[in-house]
Chemist: 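This is the structure I have questions about; it appears just below.
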Protein chains: 2
Amino acid sequence: MSDLVTRLRRHQWRMTPQRRVIAETLDGAHVHYTADEILERACERMPELSRATVYNTLNELVALGEVLELNFDGRSKRYDPNVDHEHHHLICDGCGATKDVHTVADPLDWLPGDERHGFAVAKASITFRGRCPECREAR
Amino acid sequence: MSDLVTRLRRHQWRMTPQRRVIAETLDGAHVHYTADEILERACERMPELSRATVYNTLNELVALGEVLELNFDGRSKRYDPNVDHEHHHLICDGCGATKDVHTVADPLDWLPGDERHGFAVAKASITFRGRCPECREAR
DNA sequence: ATCCTAGCTTAGACTTCGTCTAATGAAAGA
DNA sequence: TCTTTCATTAGACGAAGTCTAAGCTAGGAT
Ligand SMILES: [Mn+2]
Ligand SMILES: [Mn+2]
Ligand SMILES: [Zn+2]
Ligand SMILES: [Zn+2]
């Protein structure tokens, strides 16, 4: 998500200060924030920013394909600005820590034709689960 | 999840009529119901069954490993009684239809050691996405 | 068979996460 | 600068799930 202002203009987006702050909060962060975490961080620069605008903007960024929406635990959604490099996620069952990971092959290749039920299959994402070093230690 | 009463007794579960009805509602259903769908169906046999008991029972079944908790869309969780046969899921982006699918290899084998961040990686689940035959037709 | 008690069930309040509404504000082209 | 169209906002609302506290009951003990 670098040079996001350029990309957003390309999408014919009206550039507002709010959208700029939200997008820059995501930009470069190799993390997976919740909407409320993004609001909190963005509010450090623009205290009057509203929750509704954060949700609106995130949903638009997802629709434009500039951000990925993740949902590991059935609780709050998380937003991933790392959309350029295909990757998957590894999550700690103990503490919820999340890492980006890369597989040695494309998982789409592992789904045989007779398992596709006539679908046009477009993508595959893998969630790996386990225990991080700290949580292994702590039983 | 066949012969679930036997299994539940093995887990030292107190067998109540409510738990029996809920478990039998899941049993044999090769689908992925939401908690409310399970409540609705179970209520056909036991109209006074409460929502809280459905949630309690499902959470316990998940903790016991008798049912899988799925969360595809960030909305309501779904419950999968097909816990015996390792499988993955294929979801239609158009209508939300969900299919069980099987891959030709174990995805754990495709995560190299240097991508594991010191985690003890225990399992991997793949979500395939695409469009079902009906939704392909309809653009 | 009956008693006892730990654990189960229940209604409804509550929490969390997210969407919607309708009034106000402002970006950007003319 | 003017105008139009779209964005922002506070707060109400909704959906999904958890919690509480009071009553009930499964199943072991007697
Ligand atoms: Mn990521
Ligand atoms: Mn399944
Ligand atoms: Zn951990
Ligand atoms: Zn479909």
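Here is the naming used below: chain letters follow the sequence lines, and residue numbers restart at 1 for every chain. From a predicted model like this one, the values you see are computed outputs, not experimental measurements.
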Chemist: Does B/H89 have its ring centroid less than 6.0 Å away from the ring centroid of B/H87?
Modeler: yes
Chemist: Hey, is the side chain of A/R19 poking within less than 4.0 Å of OP1 or OP2 on D/dT8, counting only N and O atoms?
Modeler: yes
Chemist: Whole Å only: how far is the CG atom of B/D73 from the P atom of C/dG18?
Modeler: 12 Å
Chemist: Report the nucleotide, chosen from D/dA12, D/dG17, D/dT8, that has the shortest atom-to-atom distance to any side-chain atom of A/T16.
Modeler: D/dT8
Chemist: If you compare every side-chain N and O of B/Q18 against the phosphate oxygens of C/dT10 (OP1, OP2), does one of them come in below 4.0 Å?
Modeler: yes
Chemist: Between B/H32 and B/N82, do the side chains contain a donor N or O and an acceptor N or O under 3.5 Å apart?
Modeler: no
Chemist: Find the distance A/E60:CD to C/dC20:P and express it as a whole number of Å.
Modeler: 13 Å
Chemist: Let me spell it out: for each of A/A52 and B/R75, pick the nucleotide of DNA chain D with the closest heavy atom. Which residue's pick is nearer the 5' end?
Modeler: A/A52
Chemist: Using atom CG of B/L8 as one end and atom C1' of C/dG7 as the other, report the distance to the nearest whole Å.
Modeler: 16 Å
Chemist: Rounded to the Å, how far apart are A/E48 CD and C/dT24 P?
Modeler: 19 Å
Chemist: Rounded to whole Å, how long is the line connecting atom CG of B/L58 with atom P of C/dT9?
Modeler: 12 Å
Chemist: Would B/E115 and A/K99 pass as an ion pair if we require N to O under 4.0 Å?
Modeler: no
Chemist: Taking for each residue the nucleotide of DNA chain C with the nearest heavy atom, is it B/G74 or B/M46 whose nucleotide lies nearer the 5' end?
Modeler: B/M46
Chemist: Would you indicate what A/N59 reaches in the nucleic acid, counting non-hydrogen atoms under 4.0 angstrom: base, sugar-phosphate, or nothing?
Modeler: sugar-phosphate
Chemist: Return the 5'-most residue of the pair B/S76, B/W13 with respect to DNA chain D, ranking by each residue's nearest nucleotide.
Modeler: B/S76
Chemist: A/L49 has an atom CG; how far is it from atom C1' of D/dT8, in whole Å?
Modeler: 9 Å
Chemist: Is the phosphate of C/dG18 approached by A/Y55 (side-chain N or O, under 4.0 Å from OP1 or OP2)?
Modeler: yes
Chemist: Can you find a side chain N or O atom of B/R9 that sits less than 4.0 Å from OP1 or OP2 on D/dG27?
Modeler: yes
Chemist: B/R51 CZ to D/dG17 P: how many Å, rounded?
Modeler: 9 Å
Chemist: Are the side chain of B/E37 and the backbone N or O of B/T34 linked by a donor-acceptor pair below 3.5 Å?
Modeler: yes
Chemist: Can you check side-chain hydrogen bond (donor to acceptor under 3.5 Å, both in side chains) on A/R41 and A/Y33, steps first, answer last?
Modeler: CA-CA 10 Å; A/R41 276 156 224 268; A/Y33 289 138; 3.3 Å; yes
Chemist: How close or far is atom C1' of C/dC8 from atom CG of B/L61, stated in whole angstroms?
Modeler: 14 Å
Chemist: Let's test your reading of the model: under 3.5 Å, does the base of D/dC6 pair with the side chain of A/R14 as donor and acceptor?
Modeler: yes
